[in-house]
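For reference, the structure is listed below as structure tokens.
The structure displayed is predicted, hence computed values, not measured ones.
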Amino acid sequence: ISLYNIVDQFFIGQTVGHLGNAATNVSFPITTLCLAVTLAFGIGGASGFNLNLAAGEKKKAMYFVGNSMTMLVIIGIVIAIIGEIFLSPILVLFGSPKNVLPYGIEYMRVILIGAPFVMMANGGAHLVRADGSPWYSMVVNLSGAIANVILDYFFVMKFGWGMTGAAVATVIGQVLN
């Protein structure tokens, strides 16, 4: 997820400028919250899956996968809704000055819409690794990161979509995870 932020920083810095870079930095705590929830349920679900699978409880192990994915989607939707409703005050709380706020709002609106899908995809990567497919998980993860770089280039540099383009590229790349 940090790689996505670095790539966004590069392309936004080249086109939007320092206010756009400041906006992604002010917005990053929301992304970090999503990452924390994703890690908690992704790794927690993977651990429960593995422990029950090793104990011969295959049916019980599958509940951990289902519950983990369900919680990721539900919490992602809750974060998206609360984030959309209170986006301006949240960004101000995180230190956004008035001249950065419109850029942060533009960027985070897209990120928040994608949050449930991104959280499910990233949490699912832990579950795929737990199922014995770490190579597959790594290839998919890398393909999402490469897609993000390519899409950032086109959406931000070529199409001139600015903050929205960077956010769309990030969501698409992370969903491909």
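Side chains of Ile30 and Ile90 form a contact here, defined as non-hydrogen atoms less than 4.5 Å apart.
When every heavy atom of Leu91 is checked against every heavy atom of Ile105, the shortest pair comes out as CD1-N, 3.7 Å. When all heavy atoms of Gln9 and Asn25 are compared, the closest pair comes out as NE2-OD1, 3.1 Å.
Linking ILVMFWY residues whenever their side-chain heavy atoms come closer than 4.5 Å, directly or via other members, places Ile111 and Leu3 in the same cluster. The hydrophobic clustering, which links ILVMFWY residues whose side-chain heavy atoms are closer than 4.5 Å, places Ile6 and Val26 apart. A continuous path of hydrophobic side-chain contacts links Met108 to Met119 [ILVMFWY only; heavy atoms under 4.5 Å]. When hydrophobic clusters are built by joining Ile, Leu, Val, Met, Phe, Trp and Tyr residues whose side-chain heavy atoms come closer than 4.5 Å, directly or via intermediates, Phe86 is grouped together with Val37. By the rule that hydrophobic residues join a cluster once side-chain heavy atoms approach within less than 4.5 Å of another member, Leu142 and Ile150 end up as members of separate clusters.
The CZ atom of Phe159 lies 9.0 Å from the CG atom of Leu151; values are rounded to the nearest 0.5 Å. A distance of 8.0 Å separates CZ of Phe11 from OH of Tyr153, quoted to the nearest 0.5 Å. Note that the CG atom of Asp152 and the OH atom of Tyr4 stand 10.5 Å from one another [nearest 0.5 Å]. To the nearest 0.5 angstrom, Asn122 atom CG is 7.0 Å from Asn141 atom CG.
Side-chain atoms of Ser96 come within 3.5 Å of backbone N or O of Leu101 as a donor-acceptor pair. Here the side chain of Ser137 pairs no donor or acceptor atom with the backbone of Pro134 at under 3.5 angstrom.
For Leu19, the side chain to side chain contact (heavy atoms under 4.5 Å, CB included) partners are Asn99, Val100, Tyr103, not counting sequence neighbours. Taking the side chain to side chain contact (heavy atoms under 4.5 Å, CB included) definition, one finds that Thr32 meets it with Phe28, sequence neighbours left out. Arg109 meets the side-chain hydrogen bond (donor to acceptor under 3.5 Å, both in side chains) test with Glu84; sequence neighbours excluded.
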task: Would you please test Ile12 and Thr24 for side-chain contact (heavy atoms from CB on, under 4.5 Å) and show each step?
output: CA-CA 9 Å; Ile12 289 170; Thr24 59; 3.5 Å; yes

Extract all donor-acceptor atom pairs below 3.5 Å that involve side chains of residues 64-80 and protein atoms in other chains or at least two apart in sequence.
unit_1 : atom_1 : unit_2 : atom_2 : d
Asn67  : ND2    : Tyr63  : O      : 3.3
Ser68  : OG     : Phe41  : O      : 2.5
Thr70  : OG1    : Gly66  : O      : 2.7

Show the atom names and distances, to 0.1 Å, of all donor-acceptor pairs under 3.5 Å that link a side chain in residues 46-61 to residues at least two apart or in another chain.
unit_1 : atom_1 : unit_2 : atom_2 : d
Ser47  : OG     : Ile43  : O      : 2.9
Asn50  : ND2    : Ala130 : O      : 2.9
Asn52  : ND2    : Gly48  : O      : 2.8

I'd like a table of donor-acceptor pairs (distance under 3.5 Å, sequence neighbours excluded) in which one partner is a side-chain atom from residues 169-176, with atom names and distances.
unit_1 : atom_1 : unit_2 : atom_2 : d
Thr170 : OG1    : Asp8   : OD1    : 3.1
Thr170 : OG1    : Asp8   : OD2    : 2.6
Thr170 : OG1    : Ala166 : O      : 3.0

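Shown here is Phe94, whose CZ atom has more than 12 heavy atoms of other residues, nucleotides or ligands within 6.0 Å.
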